[in-house]
Engineer: 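This is the structure, below, for whatever I ask next.
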Amino acid sequence: MRKIPTNSPPARRKPELALDLSGAHVTPHASSQHRLYQALCHAITGGTAKPGEPLPPSRTLAKQTGFRRNAVTSAYERLIADGFAVATVGSGTFVAARIPARFHDARRTKIAIEPPQQGPLALGCTHIDERALQRFRAFAGRRMRAFGAEHLQYGDPRGSRELRAAIADHLLSARGLRCDPDQIMLTSGTQHSLRIVLGAILKSGDQIWCEDPGYPAARRAIEHCGLRPISVPVDASGLIVARGRALAPSAGAAYVTPSHQFPLGVQMSMPRRLELLDWARDADAFVIEDDYDSEFRYDGAPLLSLAGIDHLSRVIYMGTFAKTLFPGLRIGYCALPERLVGPVTTARAALDRFPGTLLEGAVADMLNSGAFAANLRRVRGIYREARDVLASTLSAESQGKLSVPMPSQGLHLVAQFDPSVDPRIAAQAKAEAGVAGWLLAETCFRTRPLPGFVLGFAGHKLPQLIASAERLAKSSLAALQANGKPNKAGTGKVKRLKAAT
């Protein structure tokens, strides 16, 4: 009887392997072979395909995924070369008995050194008014001159009470959220807040609802915590709670951007908000509200926060000074339900003990003196003008081929082709224009990839915005013309791009 090597024990061949070909671990628009390789790696390292188990025959996997058989063969060959699989003549391909540890190191390295977005239309850029900057310099200098013993010892894991009290006052006046300073924790930003909170309220393998399309960085943080993101579609009223109930009724939490959904910009309706809170109560779950840019509302007063409606019963509220002051400050915060203050504080102390203390006082001075509110009023006008210029230029120069809804809030907008357009045309146009920003398809996980762009207008000079918008519109028209032809109905049915794109 022929012996099977110990690295590939005999097992019944599974007819199908559950593969996620649209998650954040898969590079959009990469070759089919590369995307399949990434999905297989994800299945192996995530435990879906266990050590020693057989992988489906190449013909079976090709039929299952819709990829050509040579793409499957190439992906298998790369798995074998990288040590994730072994091949036995006459028996097939098996998951390796021991998965290379270097894969995990490579993933961390890639994320750690991933360069930030820079250039025209990049998201995450801000502007601080010169008068506010002068006030901040003065406050920081005064705090340095009065350097105290609080900087010479370990502090409260939640941060200084002075700044937490100032934030509590701001949340009450600006977002209708009433909370005690003891319920607020300072962090280095929203991603940091998310990691701390998730570690305190959920355990590895738990499910969490995520908007789709949604914020990729938050989804990556969720996955790195060992949680299972459940993609819940979004419509004009926000996250579709009924779909979430159908997909994962007993999920432990939901991550949402209700005031200004990222990236689409829709606002969660009041009936939908109440429906979400009802689900959280029924499922004994929590809702994580990322209120990342609510201070920048151009039409009317800011909307009441979800946490304000809930009175911080099941909603965890997250905010940041990255956009209202500047990203380099690295100060964010979360407001917690009373019952979570203890567990989250314990999780924070175990993670990095306490936040930096040197600039907390200067930020508190900005809030308490009125300089923070004055800066918001001035830059809000600058951003409104930038929004109008970018939207009007894109719409006019693209000859209506790009739909550009005017956002009533936030620091980015969405420019979208007709849904029938192949999303790869947007990728080609963006590359040829040499602009930053995101492809709209990059924010889609399980929903159908949308053809268009997510573009930042904050922190960019108007001439730069105009020039960048003109280039993007011109390249979009050229890409449409090169890769599509109008059908009888005149809707511009697009043929597939060449493999080179």
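Counting from 1, the numbers follow the sequence of the chain as shown. Just so it is clear, the model here is predicted, and its values are computed rather than measured. Heavy-atom basis, side chains included; hydrogens, waters and symmetry copies ignored.
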Engineer: Counting only heavy atoms not in Met406 (residues, nucleotides, ligands), do more than 12 fall under 6.0 Å from its CE?
Structural biologist: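 For Met406, atom CE is crowded (more than 12 foreign heavy atoms under 6.0 Å).
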Engineer: Got a sec: does the CD of Gln464 have more than 12 other heavy atoms crowding it under 6.0 Å?
Structural biologist: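 Yes - once you tally the heavy atoms of other residues, nucleotides and ligands closer than 6.0 Å, there are more than 12.
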Engineer: Does a side-chain heavy-atom distance below 4.5 Å link Arg143 with Asp365?
Structural biologist: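 In short, these two side chains touch, coming nearer than 4.5 Å.
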Engineer: Please assess Arg131 against Arg378 for the test side chain to side chain contact (heavy atoms under 4.5 Å, CB included), listing each intermediate value before the final yes or no.
Structural biologist: CA-CA 10 Å; Arg131 285 164 288 187; Arg378 289 191 285 264; 2.7 Å; yes
Engineer: Please round to the nearest 0.5 Å and tell me the distance separating atom OH of Tyr333 and atom OH of Tyr317.
Structural biologist: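 The OH atom of Tyr333 sits 4.5 Å away from the OH atom of Tyr317.
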Engineer: Give a yes or no on whether the backbone of Ala364 and the side-chain of Asn368 come within a donor-acceptor separation of less than 3.5 Å.
Structural biologist: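 Checked: pair present.
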Engineer: Work out which heavy atom in Ala473 is nearest to a heavy atom in Leu394; give both atom names and the distance.
Structural biologist: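 What the structure gives for the nearest pair is CB-O, 4.3 Å.
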Engineer: Judged by atom type as modelled, is there a donor-acceptor pair below 3.5 Å linking the side chain of Asn375 to the main-chain atoms of Asp129?
Structural biologist: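 Side chain of Asn375 to backbone of Asp129, a donor-acceptor pair under 3.5 Å: yes, one is there.
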Engineer: Please confirm whether the backbone N or O of Gly459 pairs with a side-chain atom of Thr126, one donor and one acceptor, at under 3.5 Å?
Structural biologist: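 Here the side-chain-to-backbone pair does not exist.
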Engineer: Quick check: closest heavy atoms across Tyr298 and Gly410, and the distance to 0.1 Å?
Structural biologist: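 Answer, listing the atom of Tyr298 first, then Gly410: OH-O, 2.7 Å.
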Engineer: Quick one, Glu223 and Arg219 - any side-chain contact, counting heavy atoms below 4.5 Å?
Structural biologist: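 SC-SC contact between Glu223 and Arg219 confirmed.
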Engineer: List the atom of Val234, the atom of Pro213, and the distance in Å for their closest heavy-atom pair.
Structural biologist: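 Taking Val234 first and Pro213 second, the nearest heavy atoms are CG2-O, 4.1 Å.
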Engineer: Roughly how far apart are Gln191 CD and Thr320 OG1, rounded to 0.5 Å?
Structural biologist: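 Taking CD in Gln191 and OG1 in Thr320, the distance rounds to 10.0 Å.
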Engineer: Without placing hydrogens or testing angles, list every side-chain donor-acceptor pair under 3.5 Å for residues 176-187, not counting sequence neighbours.
Structural biologist:
residue: Asp180; atom: OD1; partner: Asp182; partner atom: N; Å: 2.8
residue: Asp182; atom: OD1; partner: Arg161; partner atom: NH1; Å: 2.6
residue: Gln183; atom: OE1; partner: Asp180; partner atom: N; Å: 3.0
residue: Gln183; atom: NE2; partner: Leu336; partner atom: O; Å: 2.8
residue: Thr187; atom: OG1; partner: Gly189; partner atom: N; Å: 3.2
residue: Thr187; atom: OG1; partner: Gly189; partner atom: O; Å: 3.0
residue: Thr187; atom: OG1; partner: Ser193; partner atom: OG; Å: 2.8

Engineer: Less than 4.0 angstrom from a charged side-chain N to a carboxylate O is my criterion; do Asp20 and Arg446 meet it?
Structural biologist: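 Yes, Asp20 and Arg446 are salt-bridged.
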Engineer: Verify side chain to side chain contact (heavy atoms under 4.5 Å, CB included) between Phe139 and Ser369, making sure each step is shown before the conclusion.
Structural biologist: CA-CA 10 Å; Phe139 290 139; Ser369 69; 3.5 Å; yes
Engineer: Looking at side-chain heavy atoms only, is the closest gap between Leu462 and Glu385 below 4.5 Å?
Structural biologist: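 Side chain of Leu462 against side chain of Glu385, heavy atoms only: contact under 4.5 Å found.
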Engineer: Any donor-acceptor pair under 3.5 Å linking the side chain of Ser468 with the backbone of Leu465?
Structural biologist: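 Judged by distance alone, no pair lies under 3.5 Å.
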Engineer: Near Arg380 CZ, under 6.0 Å, is it more than 12 heavy atoms from other residues, nucleotides or ligands?
Structural biologist: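 Atom CZ in Arg380 is packed in, count exceeds 12.
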Engineer: Can you establish whether the number of heavy atoms outside Arg297 located under 6.0 Å from its atom CZ is more than 12?
Structural biologist: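 Yes, because the 6.0 Å sphere around CZ of Arg297 holds more than 12 heavy atoms from other groups.
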Engineer: With a 6.0 Å cut-off on ring centres, are Phe286 and Tyr255 close enough?
Structural biologist: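 No.
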Engineer: Between Leu351 and Ile196, is there a side-chain heavy-atom distance shorter than 4.5 Å?
Structural biologist: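 The answer is yes; the side chains approach within 4.5 Å.
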Engineer: Do Ser313 and Arg281 make a side-chain contact, defined as non-hydrogen atoms from C-beta onward lying under 4.5 Å apart?
Structural biologist: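 No - every pair of side-chain heavy atoms lies 4.5 Å or more apart.
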Engineer: For Val256, does its backbone N or O pair with a side-chain atom of Asp290 as donor and acceptor, under 3.5 Å?
Structural biologist: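 Answer holds: no.
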Engineer: Drop me the distance from Gln481's CD to Ser476's OG, to the nearest 0.5 angstrom.
Structural biologist: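 Rounded to the nearest 0.5 Å, the CD-OG separation comes to 12.5 Å.
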Engineer: Check the side chains of Thr447 and Asp212 for a donor-acceptor pair under 3.5 angstrom, ignoring hydrogens and angles.
Structural biologist: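 Yes.
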Engineer: Taking the side chain as every heavy atom from C-beta outward, state whether Glu211 and Gln261 have any atom pair closer than 4.5 Å.
Structural biologist: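 Yes, side chains in contact.
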Engineer: If you count heavy atoms of other groups shown closer than 6.0 angstrom to CD of Gln134, is the number above 12?
Structural biologist: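 Above 12, so yes.
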Engineer: Would you call Arg158-Glu360 a salt bridge at under 4.0 Å N-O?
Structural biologist: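 Looking at Glu360 together with Arg158, the answer is no, because their closest N to O distance does not fall below 4.0 Å.
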Engineer: For Phe372 together with His170, are the ring centres under 6.0 Å from each other?
Structural biologist: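 Under 6.0 Å, so yes.
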Engineer: Would you confirm whether Glu289, through its side chain, and Ala307, through its main-chain N or O, come within 3.5 Å as a donor-acceptor pair?
Structural biologist: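 Here the side-chain-to-backbone pair exists.
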Engineer: Less than 6.0 Å separating the ring centroids of His412 and Phe262?
Structural biologist: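 That pair passes the under 6.0 Å test.
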Engineer: What heavy-atom pair brings Ala248 and Ile230 nearest, and what distance separates the two atoms?
Structural biologist: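 Closest approach of Ala248 to Ile230, heavy atoms only: CB-CG1, 3.9 Å.
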Engineer: Side chain to side chain contact (heavy atoms under 4.5 Å, CB included) between Ser237 and Met268: does it pass, once the steps are laid out?
Structural biologist: CA-CA 5 Å; Ser237 297; Met268 185 178 285; over 6 Å; no
Engineer: Is there side-chain contact between Asn483 and Arg424, with at least one heavy-atom pair below 4.5 Å?
Structural biologist: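 When only atoms from C-beta onward are counted, Arg424 and Asn483 do not touch, as no gap falls below 4.5 Å.
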Engineer: Quiz question: by atom type and distance under 3.5 Å, do the side chains of Gln38 and His42 form a donor-acceptor pair?
Structural biologist: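 Not at all, the side chains of Gln38 and His42 share no donor-acceptor pair under 3.5 Å.
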Engineer: Thinking salt bridges, do Asp299 and Arg384 make one under a 4.0 Å N-O criterion?
Structural biologist: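 No salt bridge links Asp299 with Arg384.
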Engineer: How many angstroms lie between CG in Leu163 and CG in Leu367, if you round to the nearest 0.5 Å?
Structural biologist: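 With rounding to 0.5 Å, CG (Leu163) is 6.5 Å from CG (Leu367).
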Engineer: Show your working on salt bridge (charged side-chain N to carboxylate O under 4.0 Å, His left out) between Asp235 and Arg272 and close with a plain yes or no.
Structural biologist: CA-CA 11 Å; Asp235 63 12; Arg272 195 69 62 79; 3.1 Å; yes
Engineer: Between the side chain of Glu442 and the main-chain N/O of Leu439, is any donor-acceptor distance below 3.5 Å?
Structural biologist: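 Judged by distance alone, yes, a pair lies under 3.5 Å.
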Engineer: Locate the shortest heavy-atom distance separating Arg448 from Ser420; write the atom from each residue and the value.
Structural biologist: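 Result for this residue pair: NH2-CA, 4.4 Å.
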Engineer: Do Trp438 side-chain atoms and Pro263 backbone N/O form a donor-acceptor pair below 3.5 Å?
Structural biologist: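 Not confirmed, Trp438 side chain does not pair with Pro263 backbone.
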Engineer: Restricting to non-hydrogen atoms, name the atom on Ala441 and the atom on Pro449 that form the minimum distance, rounded to 0.1 Å.
Structural biologist: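 Of all heavy-atom pairs spanning Ala441 and Pro449, the closest is CB-CB, 3.9 Å.
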Engineer: Take Arg164 and Asp156 through the salt bridge (charged side-chain N to carboxylate O under 4.0 Å, His left out) test and state the conclusion after the steps.
Structural biologist: CA-CA 11 Å; Arg164 289 188 282 119; Asp156 190 320; 3.6 Å; yes
Engineer: Output the distance between atom CZ (Arg314) and atom CG (Leu277), rounded to the nearest 0.5 Å.
Structural biologist: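 It is 10.0 Å, given to the nearest 0.5 Å.
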Engineer: Report the distance from atom OG of Ser392 to atom CZ of Arg387, rounding to the nearest 0.5 Å.
Structural biologist: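 If we round to the nearest 0.5 Å, Ser392:OG and Arg387:CZ are 10.5 Å apart.
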Engineer: Under a 3.5 Å distance rule, please check whether Tyr215 uses its side chain to pair with a backbone N or O of Thr443 as donor and acceptor.
Structural biologist: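 The answer is no, because no donor-acceptor pair under 3.5 Å joins these two groups.
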Engineer: Against the six-membered ring of Phe354, is Arg348 placed for a cation-pi contact (under 6.0 Å from the centre, within 45° of the normal)?
Structural biologist: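 Pair Arg348/Phe354 does not count as cation-pi.
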Engineer: Is there a side-chain contact between Met144 and Leu358, using heavy atoms and a 4.5 Å cut-off?
Structural biologist: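 Counting from C-beta outward, Met144 and Leu358 do come under 4.5 Å.
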Engineer: Is there a donor-acceptor contact under 3.5 Å from the side chain of Ser398 to the main chain of Leu402?
Structural biologist: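 Flag set: sc Ser398 to bb Leu402 pair under 3.5 Å.
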